[in-house]
Amino acid sequence: MKTNLLDFDLDGLNAYFAEIGEKPFRAKQVMRWMHQFGVADFNDMTDIAKVLREKLNAQAEVRVPNEMIGLASEDGTRKWLLDVGTGNGIETVFIPEDDRGTLCVSSQVGCALECTFCSTGRQGFNRNLSVSEIIGQLWWANRALGRDPKGDRIISNVVMMGMGEPLANFDNVVTAMRIMLDDHGYGLSRRRVTLSTSGLVPAMDKLREACPVALAVSLHAPNDALRDEIVPINKKYPLKELMAACLRYLEKAPRDFVTFEYVMLDGVNDTLTHAQELIALTRDVPCKFNLIPFNPFPNSDYGRSSNEQIRRFRDTLIEAGYIVTTRKTRGDDIDAACGQLAGQVQDKTKRQIRRLTEIRS
């Protein structure tokens, strides 16, 4: 099998080119062609010697996932289902806004964490994505979206918030983010790449040292009893440990705050008492809150908090001195909203079978 050069960051490409007897500057050339210009055919890399192009054609390739389905929402959101083999598909979403274009990238086929309000979590888990499958989503979206009239890229921000828990696929996610950050790759700043985690504390500490980017934490509950129920990883890394990890992360983070994501579930975590608990929990952690109206999906067992309840919850946090945003529901008509990504997962955990059994009983 040919070597997929999309699996390498610049260090990896340097090592590969050294192995085939080529100088390091060739790695930078090829990296720019792949990521800045979206070129997959070595023959189109015109400033590379013909002998090297022939060598690369013989033993290497630039292979990205193929598109299975592409959907466009009335609000401009785009979603792609990309084929990653053996019957599996992953979902990638582009969200246009006035001041930015954000791509939501998946890191796993399915997810093993079983957060009860998340459609991805209901699908079961198959495997981690490779580096090329992660960065290939950005490569694909850049090609599909093109450039704006000024010639600039439309994607300005990347959030690792798609299918899967990014920190459970640590090495591949970090390598992919290094490509995003590299000036020979996509040249994004660390402030414009955000990783969202459900709270894998040891991996948060590793990320702080390996590749600190903006951090978002899927919090969703203000106390351990409730979070144990809706975000089961909390049983392993409870809130006290998670808050301490957030403080450690901020020592090297590109932003001076953590974003806490909080899905608003009607009658579950949305009362003013919950808001007061949240204030007490996060008092010592520099943070912002992103309140997310729940996006229902079949058999989700939850309802969306009313707009009035979300407003009251938000105002309670604001009165306590927090910066709070309420996320707009985008791409709802194509199931591209937060928590709705499901992809096409050949579940190795058999969770779908268990779920069907629960429903029927």
Side-chain angles (χ1 to χ4, degrees), residues 4-7 9 30-41 44-45 62-84 89-107 129-164 166 173 176-196 213-214 216 327-338 340-344:
N4 189 355
L5 299 190
L6 282 183
D7 278 319
D9 59 10
V30 171
M31 190 170 188
R32 288 195 294 269
W33 277 112
M34 290 190 300
H35 298 296
Q36 295 185 3
F37 301 107
V39 172
D41 188 338
D44 293 334
M45 300 180 182
V62 178
R63 185 178 70 254
V64 298
N66 293 319
E67 179 183 14
M68 299 168 70
I69 300 172
L71 299 172
S73 169
E74 292 182 358
D75 63 22
T77 299
R78 299 275 298 274
K79 181 174 81 168
W80 298 275
L81 179 66
L82 302 178
D83 184 3
V84 291
I90 55 170
E91 292 186 343
T92 304
V93 175
F94 172 71
I95 305 165
E97 299 177 77
D98 292 339
D99 60 343
R100 72 189 68 182
T102 301
L103 189 70
C104 182
V105 172
S106 294
S107 57
L129 293 178
S130 67
V131 176
S132 58
E133 291 167 338
I134 297 169
I135 203 64
Q137 296 169 65
L138 179 53
W139 190 98
W140 179 271
N142 267 325
R143 282 282 294 264
L145 295 169
R147 294 176 180 266
D148 66 22
K150 296 179 182 179
D152 296 326
R153 281 190 177 147
I154 293 174
I155 298 171
S156 62
N157 294 62
V158 172
V159 291
M160 298 298 305
M161 295 182 185
M163 295 171 62
V173 165
M177 291 195 304
R178 285 174 174 157
I179 297 170
M180 297 174 194
L181 300 171
D182 197 298
D183 287 341
H184 301 287
Y186 296 90
L188 298 174
S189 77
R190 293 181 186 273
R191 296 168 61 87
R192 289 184 175 271
V193 176
T194 300
L195 182 143
S196 176
V213 294
R327 183 177 296 177
K328 293 180 181 178
T329 299
R330 303 291 300 271
D332 213 358
D333 54 329
I334 57 172
D335 291 336
C338 183
Q340 289 185 319
L341 301 191
Q344 182 174 306

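These numbers were taken from a predicted model, which means no experiment stands behind them. The analysis underlying the following values was restricted to heavy atoms, covering all of them including side chains, and did not include hydrogens, waters or symmetry mates.
The side-chain contact (heavy atoms from CB on, under 4.5 Å) check on N142 picks up L138, R153, I155, Y186, with sequence neighbours excluded. Among residues two or more places apart in sequence or in another chain, the side-chain contact (heavy atoms from CB on, under 4.5 Å) test is passed with A214 by T194, R255. With sequence neighbours excluded, the residues satisfying side chain to side chain donor-acceptor pair (under 3.5 Å) with D7 are S132. Every residue two or more places apart in sequence or in another chain that forms a side-chain contact (heavy atoms from CB on, under 4.5 Å) with P65 is listed here: L82, V84, E133. Scored by the side-chain contact (heavy atoms from CB on, under 4.5 Å) test, V64 finds L6, W139, W140 as partners (sequence neighbours excluded).
S106 contributes a side-chain N or O that, together with a main-chain N or O of M163, makes up a donor-acceptor pair within less than 3.5 Å.
Across all their heavy atoms, G162 and C104 have their closest contact at N-SG, 3.4 Å. Residues P166 and M160 share a closest heavy-atom pair of CG-O, 3.4 Å. The nearest pair of heavy atoms linking L81 to E91 is CD1-CG, 3.8 Å.
Considering CG of L5 and CE of M31, their distance stands at 11.0 Å, rounded to 0.5 Å. To the nearest 0.5 angstrom, W80 atom CH2 is 6.5 Å from L103 atom CG. Interatomic distance, CG of L195 versus CE of M161, reported as 8.5 Å (0.5 Å rounding).
Crowding of D99 atom CG: a count of heavy atoms from other residues, nucleotides or ligands under 6.0 Å exceeding 12.
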For residues 176-184, run the donor-acceptor check on the side chains, cut-off 3.5 Å, and write out each pair with its distance to 0.1 Å, sequence neighbours left out.
{"unit_1": "R178", "atom_1": "NH2", "unit_2": "A210", "atom_2": "O", "d": "3.1"}
{"unit_1": "D182", "atom_1": "OD1", "unit_2": "H184", "atom_2": "N", "d": "2.7"}
{"unit_1": "H184", "atom_1": "ND1", "unit_2": "R32", "atom_2": "NH1", "d": "3.0"}

